[in-house]
Amino acid sequence: MTKKVRVRFAPSPTGGLHIGGVRTVLYNYLFAKQHGGTFILRIEDTDQSRYVEGAEAYIFDCLDWCGLTPDESVMHGGDFAPYRQSERKDTYAKYAEQLVKNGFAYYAFDTPEELDEMRQKFKTHDNPSPQYNYEIRERMRNSLTLGEEEVQRLVSAGAPYVVRIKMPINEEIKFTDMIRGEVSFSSALVDDKVLLKADGMPTYHLAVVVDDHLMQISHAFRGEEWLPSAPVHILLWKYLFGLEQMPQWAHLPLILKPDGNGKLSKRDGDRLGFPVFAMDWTDPRTGDKATGFKETGFLPQAFVNMLAMMGWNDGTEQEIFTIDELVEKFSLERVHKSGAKFDYEKAKWYNHEWIKKLAVDRWQLAVKDDFAKRGIDISGDAKLKRVLELVKDRCSLLTDFYEQAKFFFEAPKTIDVDSIKGKWNEEKTAFFREWASSFDKVEWNAVTLEASFKERASSKNIKVGELMLPLRIMLVGGKFGPGVFDIAEVIGKSETQQRIEHALRLL
RNA sequence: GGCCCGUUCGUCUAUCGGCUAGGACAUCUCCCUUUCACGGAGGAAAGACGGGUUCGAUUCCCGUACGGGCUACCA
């Protein structure tokens with residue numbers, strides 16, 4: 001029988017939401033929606049020393065922006081509350097005790113200093129990082145070596161202790177990953193991971209298994225970096241709830257840095273000049289700022305589309321997908337095994353495609369906000385829309401519109417007269433003065449404007465080609481932008497006259 | 001070091017034994033455009049290496065190399 005599909009994304013609220021995290025959310029979301037299942041957001045805040053103010057709210061903001069709303073969460077409620085692990089603290093100890101009682105785990109009294117000492121002592125060239133494993137545990141202070149009375153004494157004396165899993169000495173642990181197929185590990189080579197910390201909080205290892213069980217998770221997706229600890233989780237499932245109950249695992253490929261190799265990090269973004277987080281994030285402790293895709297000018301549709309394609313495709317040559325299409329077509333079987341280097345140029349291409357695809361109304365407000373932020377307040381939405389329509393082909397990011405369209409709203413501050421000065425003469429000055437003063441006689445639109453411009457040029461015996469660039473520079477300030485007569489039409493008669501006159505005085 | 005995972009154009013990828021190895025981004029050339037783009041046409045560009053299996057391997061298997069991940073009382 002098949003369980004009802006319930007998936008979860010379980011971030012630790014310690015900082016900005018990385019695109020790898022958003023992609024994990026996406027795949028969770030797509031899988032849940034496709035199967036009529038439930039998407040849960042669980043906050044894994046078991047490390048109190050890493051608590052970061054605002055990080056949790058930030059995660060919800062990011063998911064909101066992306067349109068990947070959880071069905072159950074701290075914010076949205078649900079039958080399996082609480083969804084914050086710090087609020088579930090009491091439930092974990094019980095399972096840890098059960099494991100100890102059944103001989104699958106043990107108390108360890110070693111202090112951090114003693115652990116350090118152990119690592120120093122056993123560190124060799126061949127073994128740079130000794131593990132707390134089946135060999136080492138015999139030489140440490142734990143309930144396996146201390147004897148029952150001593151353990152009792154320590155516990156009742158309030159000595160701090162952790163609970164560690166007792167990895168079997170020689171067992172093959174295997175499972176079938178939905179993406180990688182069968183994966184196997186030798187238990188002897190996995191260390192005795194801490195399950196319950198001295199402060200009574202579980203580590204990820206215990207918490208993920210207990211909560212996935214309690215929340216009836218059917219499929220567990222996470223990044224590939226978790227693969228090495230999978231055997232611990234498999235064993236815990238076996239000891240606690242039975243392997244038949246275990247969700248199906250899918251370890252997602254990593255998103256790699258564009259140059260060189262390795263996981264993409266915030267530092268790579270800073271170094272190479274592109275966002276790595278979904279939205280702007282400022283670390284409240286360090287004041288460290290990181291820019292987000294949203295603020296850089298990405299559309300959520302494009303962002304999600306691009307992320308979906310990093311590690312998956314539908315087997316056809318289609319690259320642009322709406323979220324609904326993704327929900328329909330997504331399949332784990334087509335998720336790749338290997339990591340993908342992040343390509344910012346391609347990311348911008350996706351955004352440009354979405355700018356062209358979506359109706360201007362869908363993103364007009366974001367551009368308006370960006371303009372306002374940079375000191376241009378736009379009153380008329382109709383004009384804005386017309387302008388956006390005119391320049392959208394040359395903007396990959398929403399923030400590109402500022403440079404591409406600000407001259408529609410205010411006269412250019414610098415005029416590139418140098419480009420036309422060389423071939424300038426009195427006849428041209430006269431031409432522009434006369435043309436500008438004839439505006440009252442023409443209907444104000446691009447077509448008639450262009451006609452009158454060309455007519456006058458030929459009657460004056462000046463090549464139109466000699467006048468087009470000058471006109472553009474007068475109105476725009478430089479060699480760019482859409483058709484000049486469209487620009488003139490939009491900025492209006494008197495503004496056009498003023499800009500021509502202003503430029504003429506500079507020549 | 002150990003363990004685990006991976007390996008097709010510069011990058012993202014298609015191919016589930018028949019390939020003249022396809023597409024997209026980037027790049028180059030040309031066309032369109034009296035600006036810059038968009039757009040259109042075309043070019044260059046890949047199967048890490050060595051063994052098998054097979055009539056036939058990019059595709060399956062095994063090694064090697066390379067890359068990555070993990071190796072905390074962090075997730």
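Reminder, nothing fancy here: chain letters follow the sequence lines and each chain counts from 1. Heavy-atom basis, side chains included; hydrogens, waters and symmetry copies ignored.
Side-chain contact annotation: A:Y106 with A:D192, donor-acceptor N/O pair under 3.5 Å present.
For the pair A:R164 and B:rC73, the criterion of a side-chain N or O lying under 4.0 Å from OP1 or OP2 is met. Phosphate proximity of B:rC73 to A:R119: present, with a side-chain N or O under 4.0 Å from OP1 or OP2. Proximity of A:H336 to the phosphate of B:rG6: no side-chain N or O atom is located under 4.0 Å from OP1 or OP2. Distances shown here put a side-chain N or O of A:K197 below 4.0 Å from the OP1 or OP2 atom of B:rC74. A sub-4.0 Å separation between OP1 or OP2 of B:rA37 and a side-chain N or O of A:K392 is absent. Taking side-chain N and O atoms only, A:N313 has a distance below 4.0 Å to OP1 or OP2 of B:rA14. The shortest distance between the side-chain N/O atoms of A:K257 and the OP1/OP2 oxygens of B:rG69 is not below 4.0 Å.
Heavy atoms of A:L467 sit nowhere under 4.0 angstrom from any nucleic acid atom. Using a 4.0 Å heavy-atom criterion, one finds that A:P112 contacts the bases of the nucleic acid, with or without backbone contacts as well. Within the nucleic acid shown, A:S184 comes within 4.0 Å of sugar-phosphate atoms alone, with no base atom in reach, counting heavy atoms only. Across all strands, A:M201 comes closer than 4.0 Å to no nucleic acid atom at all (heavy-atom distances). Nucleic acid contact class of A:R50 (heavy atoms, under 4.0 Å, all strands): base. Residue-level contact check: A:T46 touches the backbone only, with heavy atoms under 4.0 Å from sugar-phosphate atoms and none from bases. Residue-level contact check: A:G311 touches the backbone only, with heavy atoms under 4.0 Å from sugar-phosphate atoms and none from bases. Within 4.0 Å (heavy atoms only), A:V391 reaches no atom of the nucleic acid at all.
Across B:rA14 and B:rG52, the matching P atoms stand 29 Å from one another, rounded to whole Å. To the nearest whole angstrom, the two C1' atoms, one in B:rA65 and one in B:rC49, are 7 Å apart. Rounded to the nearest Å, the gap between the C1' atom of B:rC55 and that of B:rG10 is 37 Å. To the nearest whole angstrom, the two C1' atoms, one in B:rA46 and one in B:rG22, are 12 Å apart. Using atom C1' as the reference point in both B:rA44 and B:rU11, the two lie 16 Å apart (nearest Å). Taking atom C1' on both B:rG51 and B:rA57, the two are 13 Å apart, rounded to the nearest angstrom. B:rU64 and B:rU7 are spaced 13 Å apart, taking the C1' atom of each and rounding to whole Å. Comparing the P positions of B:rG68 and B:rC28 gives an interatomic distance of 30 Å, to the nearest angstrom.
The nucleotide whose nearest atom lies closest to any side-chain atom of A:K193 is, among B:rU71, B:rG69, B:rA26, B:rU71. Proximity note for A:N127 (side chain, C-beta onward) versus B:rU34, B:rG1, B:rC74: the nearest is B:rG1. The side chain of A:W349 approaches B:rA24 more closely than any other nucleotide in the set B:rA75, B:rC4, B:rA24. Proximity note for A:V464 (side chain, C-beta onward) versus B:rU35, B:rG23, B:rU34: the nearest is B:rU34. The side chain of A:S129 has B:rA72 as its nearest neighbour among B:rC70, B:rA72, B:rA24.
Aromatic pair A:F221/A:Y27: ring centres not closer than 6.0 Å. The aromatic ring centroids of A:H233 and A:Y204 lie less than 6.0 Å from each other.
With RNA chain B read from its 5' end, the first of the two nearest nucleotides for A:E224 and A:P160 is the one closest to A:E224. Between A:P128 and A:K337, the residue anchored nearer the 5' end of RNA chain B, judged by the nucleotide with its closest heavy atom, is A:P128.
Closest non-hydrogen pair, A:R88 versus A:P82, comes out as NH1-O, 2.6 Å.
Glycosidic conformation, B:rC4: anti, with the torsion outside 90° of 0.
Geometrically, A:K346 engages A:W349 in a cation-pi contact defined by less than 6.0 Å to the ring centre and at most 45° from the axis.
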